[in-house]
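Quick note on labels: first sequence line is chain A, next is B, and so on, each numbered from 1.
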Number of protein chains: 2
Amino acid sequence: MSNARLQAFGAKVRAMRKQKGLSQEELASLAGLDRSYMGHIERGEKNITLLKIYQISDALSLPAAIFLTDE
Amino acid sequence: MSNARLQAFGAKVRAMRKQKGLSQEELASLAGLDRSYMGHIERGEKNITLLKIYQISDALSLPAAIFLTDE
DNA sequence: AGCATCCACGGACTATAATACCCATTTTCC
DNA sequence: GGAAAATGGGTATTATAGTCCGTGGATGCT
């Protein structure tokens, strides 16, 4: 599994996570996700489901929509 | 599977689909999905994956972000 | 050097999304 | 009222999302 849109999503997550000064493991814990899964997401290797997207956006206190690219 | 955010997503898909004057079957066909699956999505019964969200937004020629609620 | 933190990546397993059917019910329109 | 179109909702199977464990490499710090 690999796709430009998934990579764009993951890159956005990573950027926002770093902006908050969190490690992958810290964000994963906040979002209630597995640490290695968070790594796969940021690398764009997984086709994440909608509710997981919300778990991450909740953990970062950001609207979920900002993680989706326009194109 | 049932959840307020999934229902909100489905409601948005339905609203946009009707605005374009399409049937579930027509939209499903445009998006390359099964008609009954589209029904489940609109009713908020499925936790859709990111790439499927894009398939639907592409079919409707709308940005994917508009289907995600802020809360 | 040694220790700690962070991340990439993999394997094995479980849960569930997604596909492809089906039939019943509702809605639409003549 | 009746036919056709549109939708609701179920079932069974396959594909894959997601979990849980580990290993190794890179970096920084004392």
Would you mind reading off the distance between [X] atom [atom1] and [N] atom [atom2], rounded to a whole angstrom?
X     : N      : atom1 : atom2 : result
A:K18 : C:dT5  : NZ    : C1'   : 13 Å
A:E45 : C:dG10 : CD    : P     : 7 Å
B:I53 : C:dA17 : CD1   : C1'   : 12 Å
B:K46 : D:dA15 : NZ    : C1'   : 12 Å
B:Q55 : C:dA18 : CD    : P     : 9 Å
A:L50 : D:dA17 : CG    : P     : 15 Å
B:E25 : D:dA6  : CD    : C1'   : 8 Å
A:M38 : D:dC20 : CE    : C1'   : 15 Å

Taking OP1 and OP2 of [N], is either one under 4.0 Å from a side-chain nitrogen or oxygen of [X]?
X     : N      : answer
B:R35 : D:dA6  : no
B:R14 : D:dG8  : yes
A:Q24 : C:dA8  : yes
A:K52 : D:dT19 : yes

Heavy-atom nearest nucleotide on DNA chain C for A:D34 versus B:I41: which residue maps closer to 5'?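 Between the two, 5'-proximity favours A:D34.
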Mark yes or no for a side-chain to base donor-acceptor pair under 3.5 Å between A:S36 and C:dC9, with no hydrogen or angle criteria applied.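 In this structure, the two groups form no donor-acceptor pair.
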Can you find a donor-acceptor N/O pair under 3.5 angstrom joining the side chain of A:S23 to the base of C:dC7?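 Answer no: no donor N or O sits under 3.5 Å from an acceptor.
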What's the separation between atom CG in B:L27 and atom NZ in B:K18, rounded to the nearest 0.5 Å?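 Here the rounded value is 12.5 Å.
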Do A:K12 side-chain atoms and A:I66 backbone N/O form a donor-acceptor pair below 3.5 Å?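 Yes; judged by distance alone, with no hydrogens or angles, the pair exists.
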Nearest to the A:T49 side chain among C:dA17, D:dG10, C:dA18, which nucleotide is it?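 Among the listed nucleotides, the one closest to the side chain of A:T49 is C:dA17.
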Please determine if B:K52 and B:D58 form a salt bridge, counting it only when a charged side-chain N lies under 4.0 Å from a carboxylate O.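 No salt bridge links B:K52 with B:D58.
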Do the side chains of A:R17 and A:E26 get close enough for a salt bridge, i.e. N-O under 4.0 angstrom?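 No.
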With a cut-off of 6.0 Å (strictly less than), are more than 12 heavy atoms of other residues, nucleotides or ligands near CD of B:E25?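 Not buried by this count: 12 neighbours or fewer within 6.0 Å.
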